[in-house]
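Below, read A as the first sequence line, B as the second, and so on, with proteins coming before strands; counting in each chain starts at 1.
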2 protein chains.
Amino acid sequence: MRNARQGRQTRVTISDVGAAAGVSASTVSRVLNGTAKVDPSLAARVHDAVTQLGYRPNAAAQGLARGEWGTIGVLVPNLANPYFPDVLKAVSSVARSHGRRVMVMETDEDPSIEHDLVEDLMRSCDGVLLCSSRMERADLVVLTARDHPLVLLDRIVPGLAAPAVSADFFGGMMLICGHLAQLGHRRVAYLSGPEVSWANSERIRALEAAKAFGISVTILPCGSTSRHGYKAAAEVAGTGATALTTYNDLVALGAVTRLRELGVRVPEELSVVGFDDIALDHVAHTSLTTVSVPRGQLGRQAAETLESLMAGKHDGEPVYLSMELHVRDSTAPPRVTREVTR
Amino acid sequence: MRNARQGRQTRVTISDVGAAAGVSASTVSRVLNGTAKVDPSLAARVHDAVTQLGYRPNAAAQGLARGEWGTIGVLVPNLANPYFPDVLKAVSSVARSHGRRVMVMETDEDPSIEHDLVEDLMRSCDGVLLCSSRMERADLVVLTARDHPLVLLDRIVPGLAAPAVSADFFGGMMLICGHLAQLGHRRVAYLSGPEVSWANSERIRALEAAKAFGISVTILPCGSTSRHGYKAAAEVAGTGATALTTYNDLVALGAVTRLRELGVRVPEELSVVGFDDIALDHVAHTSLTTVSVPRGQLGRQAAETLESLMAGKHDGEPVYLSMELHVRDSTAPPRVTREVTR
DNA sequence: CTGTTAGCGCGTTCAC
DNA sequence: GTGAACGCGCTAACAG
């Protein structure tokens, strides 16, 4: 058997088209790719043959011959997080304008398969965009050492051979802390995201930094979904916190739900603030105070960095996109300012 | 220049590995694929060389030689719709168990690019899963006529050369109508989804059928997002409806938000029912009466159908997965049963 | 302008 | 067991 082609998949090749049109394969190629000028009448015959036979170029063969796939790969932890679609749309748009398509894969929050998936992507894409990578630094070093275009999104690792574009999570959390401090909050709890998440550690770093302003912080392990937030919320009471910060909006919303069930009024008894500003227009039960990144810009800039990388330009410093504070209805001054009553 | 390879991308090939290990390329291939027995000591040397050189097989070359890509492609209208991640996870899982990876693309609800994307996918995947296609029947016929494995998900078109797996939207809407009728509702409004959506027309078909049970229906153009629902909700008042049905949960939630702003109490003054049972655990402001599909099963079954199709088996009849009614807090008997008072 | 030739990197027969 | 030769489908350099 010459090939593992199953069934009677009578695949039509470029030479079939050539034969049908009475020209050589190269001429067909030229017509289809506009690579060179071709006699109009021949071109017409080629086009006819193409439609007659239903010919479609084989992507693998093209990729092999050109040394390019015309594709960029994007790896995200979790497609269920509303954060990514916005990013992806921007990425797609940039990619398309460069004549590339994008293929998306998700790790399902499982760091153990992330490495393999990146390698897969590298083997079949011109460049890869790695979003919110949960990989260990060492693995990342190995991966970025291969000279294959790769850019990190929402993960900054110093001294890496790959460009990075990220929201400024540290700055975002600082904004939140500042807001809470100005409202008079002193004791803050934090529902922590995935431990392996750099974005999470950046938030925590900011929380630590905020201590200098007289804020004390209790960190509670939680997760990244509304369900996690719902489950973890009960433990906030024990911390004595008057304000609750969270890994993201989903967690915050889940927490608020639970808090209400427990009879805790938000924001009167407890202020809650989200993170990311996920667009849940007219859907969420609470108008959350939160911080936002321009997700479109994030995706766009990352994609463009990747494009320029593929074009051979070596980009430099990591880019931080600053976040913006949105004060809404889930934060208020603490009910009793213990510092004052004492 | 022999190739469009940019920069000094010193790509390492299988022969490089062979040279380094002092064997032929074929031996390397055999070792890596376990295709035939190889002397253990040689195999060891090969493995060493592979890691030393950081060799990774070129996916295009493999695909070309094997006549297989090891990939299935999935096309969805909109990644932002929480409906799809669940489906995708199931699909990925099935694909992975068959040694295939999945690449996802989205049309962004733009039917005009859908056709091209499917063709792209067909050119670079062993099979494609087309979700909620918005394409016209004629285009679909053309596409499925090519003998390339393709299965439709959530779109049934009679007489098509491709298998299909879909939620039973008609049945789902009938369940809703039955529920509303039993509560005493007679006048129902429907916030319609995208016009080009088959899923939408199935819902409408059910609504029409429900007329036989004495239900009158007003159809209002709307859309598929919460924003659409929010915008369209104001027009419901003018219809005299006591119950509002919707294209999906997102629309319903958006509508409820608007209705509340307008001072319409749900469900006391107006019952609202969703569709899909999107998991917005602890996030949504309203506990919506809705219908659900087992999205995991949907994805799983579609993926398995695709696999068997790729294996050469020709699957038969379209499969309808039945939906389930979830009565929650957004429906109630109509405030005034006009039939009675009259 | 067009046909012919030579790879792209890999899997796989075929001889040894 | 192993290497050499061939072909997968296509593009690009080379002649004409």
* **Distance (rounded to the nearest 0.5 Å) between Ser92(A) OG and Met103(A) CE** => 13.0 Å
* Sub-4.5 Å side-chain heavy-atom contact between Ile14(A) and Pro57(A) -> no
* Decide, yes or no, whether a salt bridge links Glu307(A) with Lys313(A) under the criterion of side-chain N to carboxylate O below 4.0 Å. => no
* Asked: Once you round it to whole Å, what is the distance between C1' of dC8(C) and CG of Asn58(B)?
  -> 8 Å
* Asked: What is the distance, rounded to the nearest whole Å, between atom CG of Asn33(B) and atom C1' of dT12(C)?
  -> 11 Å
* Side chain of Ile14(A) only, please: which of dC10(D), dA12(D), dC8(D) is the nearest? => dC10(D)
* Compute the angle between the rotation axes at the two ends of the helix from dC1(C)-dG16(D) to dC16(C)-dG1(D), each taken over five pairs, rounded to 10 degrees. => 40°
* Just by distance, do the side chain of Asn78(B) and the backbone of Asp108(B) share a donor-acceptor pair under 3.5 Å? -> no
* **Nearest-Å distance for atom pair CZ/C1', residues Arg123(A) and dC8(C)** => 16 Å
* Any chance you could measure Leu129(B), atom CG, to Leu309(B), atom CG, to the nearest 0.5 Å? => 11.0 Å
* Asked: Can you list the steps and then say if Glu114(A) with Arg134(A) is a salt bridge (Lys or Arg N to Asp or Glu O under 4.0 Å)?
  -> CA-CA 8 Å; Glu114(A) 190 181 339; Arg134(A) 263 68 156 139; over 6 Å; no
* To do: Send over the distance from Arg66(A) CZ to dG9(C) P, rounded to a whole Å.
  => 16 Å
* Asked: Going from CG on Asp126(A) to NE2 on His98(A), what distance comes out if it is rounded to the nearest 0.5 angstrom?
  -> 12.5 Å
* To do: Please report, rounded to the nearest Å, how far the P atom of dG7(D) is from the CG atom of Leu64(A).
  => 16 Å
* NA contact type, Ser29(B), heavy-atom cut-off 4.0 Å: base, sugar-phosphate, or nothing? -> base
Restricting to nitrogen or oxygen on both sides, can you table the protein-nucleotides 1-5 of chain C pairs closer than 3.5 Å?
residue: dT2(C); atom: OP1; partner: Asp39(A); partner atom: N; Å: 3.4
residue: dT2(C); atom: OP2; partner: Asp39(A); partner atom: N; Å: 2.6
residue: dG3(C); atom: OP2; partner: Ser24(A); partner atom: N; Å: 3.3
residue: dG3(C); atom: OP2; partner: Ser24(A); partner atom: OG; Å: 3.3
residue: dG3(C); atom: OP2; partner: Thr27(A); partner atom: OG1; Å: 2.4
residue: dG3(C); atom: N7; partner: Arg30(A); partner atom: NH2; Å: 2.6
residue: dG3(C); atom: O6; partner: Arg30(A); partner atom: NH1; Å: 3.4
residue: dT4(C); atom: O4; partner: Ser26(A); partner atom: OG; Å: 3.2

* Shortest non-hydrogen separation from Leu64(A) to Ala61(B) and the atoms involved -> CD1-CB, 3.8 Å
* Asked: For the pair made of CG in Asp16(A) and P in dC8(D), what is the distance, rounded to whole Å?
  -> 11 Å
* Look at Gln62(A) and dG9(D) and indicate whether a side-chain polar atom (N or O) is within less than 4.0 Å of OP1 or OP2. => no
* Asked: Between atom CZ in Arg11(A) and atom P in dG7(D), what is the gap in whole Å?
  -> 20 Å
* Separation of Asp120(A) CG from Ile113(A) CD1 (nearest 0.5 Å) -> 10.5 Å
* Just how far, in rounded Å, is P of dG9(C) from CG of Leu53(B)? -> 14 Å
